[in-house]
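The block underneath contains the structure these notes are about, expressed in structure tokens.
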Amino acid sequence: MTVYGYLRVSTDKQDCDNQKVGIEDLAEQRGLSIENWIVDDGVSGTKEPEKRKLGKLLKTIRSGDVIICSELSRLGRKLFMIISILEHCMKVGAKVVTVKDGYELGDNVQSKVLAFAFGLVAELEREMISKRTKEALQRRKANGKVLGRPRGRRNTRHIWDGKEQEIIRLLDQGFCKTEVARLTGMSVGSIYAFLARE
């Protein structure tokens with residue numbers, strides 16, 4: 001088990017010190033010792049975790065590990081972002097504990113309720129995406145836009161774009177279609193399609 005202290009701070013040193021003291025006090029109350037400090041200094045909470053040190057931490061944590069932070073808003077400023085971070089921690093079996101919120105993600109009723117909420121949020125998000133997609137397609141159709149690939153027309157961009165001369169040269173040198181495909185990194189079907197092109 002590894003205990004991590006996570007700080008996301010502005011340039012205000014006092015804020016950093018206050019967060020750190022609160023995390024150390026909570027760790028001591030629980031008989032834990034902070035082994036690693038992860039500090040996102042001067043980084044906005046709206047930035048995706050992958051673009052912060054938090055992202056590296058999330059890739060590192062394992063079952064039984066504990067992340068202690070000042071409050072949930074330190075993890076992120078967007079609800080979906082916080083939920084996805086907590087969901088990841090729950091999946092790997094890591095605990096998240098906050099000082100100010102008194103929040104604890106682990107093997108307890110609160111976490112089970114949260115897991116149910118994760119499911120609802122994910123379902124709601126899928127429905128919203130589906131609805132937005134359908135509305136956008138209907139809007140384009142209403143504006144006279146033809147949806148889908150036009151009938152009777154092939155895609156004008158092909159896998160062989162930029163390799164035409166090489167294909168012709170190899171075929172002229174007597175290489176079979178299978179060899180040409182291998183040498184150009186394409187499928188045999190693509191070579192046949194190239195030869196049958198209009």
**Study point:** ILVMFWY network linking Val21 to Val9, side-chain heavy atoms under 4.5 angstrom
**Key:**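 Val21 and Val9: separate clusters.
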Exercise for review: Check whether any side-chain N or O of Thr98 sits under 3.5 Å from a backbone N or O of Lys100 as a donor-acceptor pair, and report yes or no.
Suggested key: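 No, because the side chain of Thr98 does not come within donor-acceptor range (under 3.5 Å) of the backbone of Lys100.
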Review point. Do the side chain of Thr184 and the main chain of Val180 share a donor and acceptor less than 3.5 angstrom apart?
Key: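 Indeed, once roles are kept as given, a pair shorter than 3.5 Å links the two residues.
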Review point. Where is the tightest heavy-atom contact between Gln19 and Arg8, given as atom of each residue plus distance?
Key: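 Of all heavy-atom pairs spanning Gln19 and Arg8, the closest is NE2-O, 3.1 Å.
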Exercise for review: Specify the closest pair of heavy atoms between Lys53 and Ile38, including all atoms of both residues, with the distance to one decimal.
Suggested key: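 That closest heavy-atom pairing would be CB-CG2, 3.8 Å.
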Practice item. Verify the neighbour count for atom CD of Gln165: are there more than 12 heavy atoms of other residues, nucleotides or ligands below 6.0 Å? Key: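 Open.
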Point to revise | Glu28, CD atom: more than 12 neighbouring heavy atoms under 6.0 Å | key: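 For Glu28, atom CD is not crowded (no more than 12 foreign heavy atoms under 6.0 Å).
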Any chance you could measure [X], atom [atom1], to [Y], atom [atom2], to the nearest 0.5 Å?
| X | Y | atom1 | atom2 | answer |
| --- | --- | --- | --- | --- |
| Glu104 | Ile68 | CD | CD1 | 9.5 Å |
| Glu50 | Arg52 | CD | CZ | 9.0 Å |
| Asp25 | Lys20 | CG | NZ | 12.5 Å |

**Study point:** Identified side-chain contact (heavy atoms from CB on, under 4.5 Å) counterpart of Pro49 within the set Asp40, Leu57, Ile85
**Key:**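 Running side-chain contact (heavy atoms from CB on, under 4.5 Å) over Asp40, Leu57, Ile85 with Pro49 returns exactly one hit, Ile85.
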Exercise for review: Quickly, which of Asp65, Ile61, Leu75 forms a side-chain contact (heavy atoms from CB on, under 4.5 Å) with Cys89? Name it, please.
Suggested key: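 That would be Ile61; it is the only one of Asp65, Ile61, Leu75 passing the side-chain contact (heavy atoms from CB on, under 4.5 Å) with Cys89.
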Review point. Got a sec, which residues hit side-chain hydrogen bond (donor to acceptor under 3.5 Å, both in side chains) with Glu179, two or more places apart in sequence or on another chain?
Key: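 Glu179 satisfies side-chain hydrogen bond (donor to acceptor under 3.5 Å, both in side chains) with Arg182 once adjacent residues are dropped.
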Check your understanding: For Arg169, which residues count as a salt bridge (charged side-chain N to carboxylate O under 4.0 Å, His left out) partner, sequence neighbours excluded?
Key ->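 With neighbours one apart ignored, the set is empty.
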